[in-house]
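Here is the structure we will look at, set down as structure tokens.
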Amino acid sequence: DGGITQSPKYLFRKEGQNVTLSCEQNLNHDAMYWYRQDPGQGLRLIYYSQIVNDFQKGDIAEGYSVSREKKESFPLTVTSAQKNPTAFYLCASSIDDGPNTEAFFGQGTRLTVV
Amino acid sequence: QQPVQSPQAVILREGEDAVINCSSSKALYSVHWYRQKHGEAPVFLMILLKGGEQKGHEKISASFNEKKQQSSLYLTASQLSYSGTYFCGSEPYGQNFVFGPGTRLSVLP
């Protein structure tokens with residue numbers, strides 16, 4: 001079955017450590033996205049990639065980094081520079097980044113930094 | 001800038017109707033609607049492009065008035081399965097797609 005997979009579902013890290021969240025899709029989608037969701041808030045865009053080896057900052061990119069070496073993979077690293085990293089992280093993909101394309105979301109990774 | 005959604009939350013009885021509104025301060029090219037159940041991924045409902053079109057998905061429909069920069073989601077004869085948080089997402093011209101804060105809908109038996 002085609003879909004988008006995030007792992008792990010739950011992640012605990014100590015403050016000051018970098019952590020990488022995995023996102024893999026087998027939908028052959030060009031565009032991929034990372035969102036952060038905090039309780040009672042909407043989804044805020046961290047980074048997005050329209051094509052392999054290219055990515056752009058979203059609205060809240062500070063303290064995060066990404067790579068897009070393969071079409072199907074778009075890992076997100078939460079660095080120690082992110083001041084408040086505890087959140088629910090969602091990865092999504094779409095055929096392209098046009099206005100008429102729906103996004104498919106992974107099940108999310110809940111990151112807790114202690 | 002994030003679109004505004006209203007109401008923030010709504011509680012319904014099964015079979016009742018609801019309207020969720022989404023508005024933006026910027027001119028929009030499209031509006032997307034998603035539903036997210038607690039602890040799950042958001043699921044796509046529909047996209048509306050400029051032109052004042054309406055779309056339907058089962059008993060859920062939506063309208064988009066690009067002149068007013070507003071969209072409304074209509075839930076008719078609500079079912080228990082409609083419970084969740086509804087997000088609109090807007091795409092201002094030349095800018096990144098951005099989601100609204102969400103409207104929490106609870107449908108009670």
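Residue numbers start from 1 in every chain, and the chains themselves are labelled A, B, ... in the order their sequence lines are given, proteins ahead of strands. Owing to the predicted nature of the structure, the values given are computational and were not obtained by experimental measurement.
- Contacts between A:K9 and chain B at a heavy-atom distance below 4.5 Å are absent for every atom of the residue.
- Of the possible donor and acceptor atoms, none in the side chain of B:Q5 sits under 3.5 Å from a partner among the backbone N and O of B:N21.
- For chain B, the nearby part of A:Q37 is the side chain; its heavy atoms alone come within less than 4.5 Å.
- Between B:F99 and B:F97, the ring-plane angle classifies as perpendicular under the 30° and 60° cut-offs.
- Between the side chains of A:T77 and A:T20, at least one donor N or O lies within less than 3.5 Å of an accepting N or O.
- Taking the ring centre of A:F88 as origin, the terminal cationic atom of A:R110 falls inside the region bounded by 6.0 Å and 45° from the ring axis.
- For a residue to count as touching a neighbouring chain, one of its non-hydrogen atoms must lie under 4.5 Å from one of that chain's; by this rule A:Y33 does not touch chain B.
- Contact count versus chain A (heavy atoms, under 4.5 Å) is highest, among B:P101, B:P42, B:G102, for B:P42.
- Interface remark: A:L43 contributes backbone and side-chain atoms alike to the contact with chain B (heavy atom separation under 4.5 Å).
- Your options are B:Q36, B:Q2, B:Q8, and the one with the most heavy-atom pairs under 4.5 Å with chain A is B:Q36.
- Nearest heavy-atom pair across A:Q50 and A:R68 is C-NH1, 4.4 Å.
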